[in-house]
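Everything on this sheet refers to the single structure shown next.
On a predicted model such as this, the values are computed, not experimentally measured, just so you know. Only heavy atoms go into these numbers, but all of them, side chains included; no hydrogens, no water, no symmetry mates.
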Amino acid sequence: MVRFILSRLATAIPTLLIVSITVFALIRLIPGDPATLMLGDLAQPGQVEALRHQMGLDQPVIVQYLIWLGNVVSGDFGQSISTHQAVLPLILERFSVSATIVLLAVFLASLIAVPAGMFAAWRQDRFGDIAVIATSTLLLSIPSFWLGLMMLMVFGLWLGWLPVVGYVPFGRDFTGALLYTIMPVATLVMVESGSIARMARASTIEVARLDYITHARAKGLSEPAVMWRHAFKNAFAPTWTLIGLILGSLLANIAVIETVFTIPGLGRLLVDGIYARDYPVVQGCMLFVAFIYVVVNLAVDLVYPLLDPRVTT
């Protein structure tokens, strides 16, 4: 077990290093001069050169990368060009909003989809199975932005049950924050439930064919007992991997939902930074998102041996 954990940690470090090189290179390929953007078009050439020297932009690219990497490791992601705020605290503030919505959505989607997938496997080729497969396929086919707009139109404009624009932090007003969170969370739950249910169904069908499940049935155990006491743990392991991938993907790609529902999260910060050509914010967001994705998948790998004892090395 210890060897397994150390091997996963050793894999994560070079992955993060490669990601940092990629992010740094992509930002350097964007046309424009950060010093000119920060000082404005009316700045004198001498002022621009002085700022470029202060920021290390007049150094070779390799030296610039090493300086930037050293600052990142120490927690200095730079300063926003448009707001003049430190980038890392800004990212952490926005990430807390995105993480709340994504974690709640993935939890609820798993709570609904995993039992639904196992039920479909239990009722394979019957009406219940066909209904779950059809619903999952329909949910997988609906674009998240379209579903979000439909929910805004129906529950926000037509019925007036939920607020349409804005966001309130949970620490300020729990009830108000809950009302603003219902529609984006419900949208993500419906969009992601389809893939989780299909994976849970497929893995449960595979496990249900194993000899120890046949032996449990031969002992006279009821089908619910066989499914939940014997099949669930092994069937959930592949589904857990998919849930981890979905979680990392949503944290990285939630910009669409945040834009539709005007939520001030990390994805919205990245989109605004791109439009404003705010290089430190864009660079910091991309690196942070990649870091979170690697950490989430590392956590999934570390939990996997608890679900499947065969994974020990």
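Atom OG of S141 is separated from atom CG of L147 by 12.0 Å, given to the nearest 0.5 angstrom. How far CE of M151 is from CH2 of W161: 11.0 Å, rounded to the nearest 0.5 Å. To the nearest 0.5 Å, atoms CG (L138) and CE (M190) are separated by 10.5 Å. A distance of 10.5 Å separates CG of L157 from CG of L149, quoted to the nearest 0.5 Å. In this structure, the separation between CH2 on W240 and CG on L247 is 8.0 Å, given to the nearest 0.5 Å. Of the inter-residue distances, the one linking D125 atom CG with I130 atom CD1 reads 7.0 Å to the nearest 0.5 angstrom.
Counting heavy atoms from C-beta on, the side chains of F24 and L69 never come closer than 4.5 Å. Side chains of F77 and N71 form no contact here, defined as non-hydrogen atoms less than 4.5 Å apart. With a 4.5 Å cut-off on side-chain heavy atoms, I205 and Q124 count as touching. When side chains are defined from C-beta on, L270 counts as touching V282, because their heavy atoms get closer than 4.5 Å. By the 4.5 Å heavy-atom criterion applied to side chains, V72 and W68 are counted as neighbours. Counting heavy atoms from C-beta outward, Q79 and H84 have side chains that approach closer than 4.5 Å. Using a 4.5 Å heavy-atom cutoff, the side chains of L269 and V281 are in contact. Between I254 and L266, every side-chain heavy-atom pair lies at or beyond the 4.5 Å cut-off.
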Inset, instruction - Go through the steps for D76 and L88 under the test side-chain contact (heavy atoms from CB on, under 4.5 Å), then give the verdict. - result: CA-CA 7 Å; D76 182 10; L88 183 57; over 6 Å; no

Inset, instruction - Take T187 and W146, measure what side-chain contact (heavy atoms from CB on, under 4.5 Å) needs, and give me the verdict at the end. - result: CA-CA 10 Å; T187 301; W146 182 87; over 6 Å; no

Legend entry - Step-by-step side-chain contact (heavy atoms from CB on, under 4.5 Å) determination, F95 to L90: CA-CA 8 Å; F95 175 71; L90 185 61; over 6 Å; no

Legend entry - Candidate pair T262 and R268, rule side-chain contact (heavy atoms from CB on, under 4.5 Å), full reasoning: CA-CA 8 Å; T262 63; R268 185 71 180 274; 4.0 Å; yes

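In this pair, F119 and W122 present their aromatic rings perpendicular. The plane angle is above 60°, beyond the 30 to 60° band.
When all heavy atoms of S98 and G267 are compared, the closest pair comes out as OG-N, 4.1 Å. Taking all atoms of both residues into account, the shortest heavy-atom contact from T204 to M118 is OG1-CG, 3.5 Å. Nearest heavy atom pair, residue V87 against residue G284, reads CG1-CA, 4.4 Å. Among all heavy-atom pairs drawn from V296 and G248, the shortest one is CG1-N, 4.0 Å. When all heavy atoms are compared, the tightest approach of G148 to V260 is C-CG1, 4.0 Å.
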Can you give each donor-acceptor pair under 3.5 Å made by side-chain atoms of residues 13-21, sequence neighbours left out, with the distance rounded to 0.1 Å?
{"unit_1": "T15", "atom_1": "OG1", "unit_2": "T11", "atom_2": "O", "d": "2.8"}
{"unit_1": "S20", "atom_1": "OG", "unit_2": "L17", "atom_2": "O", "d": "2.6"}
{"unit_1": "S20", "atom_1": "OG", "unit_2": "Y65", "atom_2": "OH", "d": "2.8"}

Taking only distance into account, with no hydrogens and no angle test, what donor-acceptor pairs under 3.5 Å do side-chain atoms of residues 174-186 form with protein atoms, sequence neighbours excluded?
{"unit_1": "T181", "atom_1": "OG1", "unit_2": "A177", "atom_2": "O", "d": "2.5"}

Sequence neighbours excluded and cut-off under 3.5 Å, please list the side-chain donor-acceptor pairs for residues 192-201, or say none.
{"unit_1": "S193", "atom_1": "OG", "unit_2": "V189", "atom_2": "O", "d": "2.4"}
{"unit_1": "S195", "atom_1": "OG", "unit_2": "E192", "atom_2": "O", "d": "3.2"}
{"unit_1": "R198", "atom_1": "NH1", "unit_2": "T137", "atom_2": "OG1", "d": "3.2"}
{"unit_1": "R201", "atom_1": "NE", "unit_2": "D129", "atom_2": "OD1", "d": "2.6"}
{"unit_1": "R201", "atom_1": "NH2", "unit_2": "D129", "atom_2": "OD2", "d": "3.0"}

Check residues 103-112 and write down every donor-acceptor pair under 3.5 Å in which the side-chain atom is one partner and the other belongs to a residue at least two apart or another chain.
{"unit_1": "S110", "atom_1": "OG", "unit_2": "V106", "atom_2": "O", "d": "2.8"}

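V294 and I91 fall within a single hydrophobic cluster, where Ile, Leu, Val, Met, Phe, Trp and Tyr are joined by side-chain heavy atoms under 4.5 Å apart, directly or via other members. Tracing side-chain contacts under 4.5 Å through hydrophobic residues (I, L, V, M, F, W, Y), one never reaches L245 starting from L250; they form parts of separate clusters. Follow the hydrophobic side-chain contacts under 4.5 Å out from L140 and you never reach I243; the two are in separate clusters. The cluster map of Ile, Leu, Val, Met, Phe, Trp and Tyr, joined by side-chain heavy atoms under 4.5 Å apart, puts L26 and Y279 in the same cluster. Grouping the Ile, Leu, Val, Met, Phe, Trp and Tyr side chains by contacts below 4.5 angstrom, directly or via other members, places I101 with L92.
Residue pairs meeting the ring pair (Phe, Tyr, Trp, His ring centres under 6.0 Å) criterion with at least one partner in residues 259-278, sequence neighbours excluded, do not occur; the list is empty.
Without hydrogens or angle criteria, S96 side chain to E93 main chain gives a donor-acceptor distance under 3.5 Å.
The side chain to side chain contact (heavy atoms under 4.5 Å, CB included) search around V97 returns Y167, I263, not counting sequence neighbours.
Annotation for I62: atom CD1 does not count as buried by contact number, only 12 or fewer foreign heavy atoms lying within 6.0 Å.
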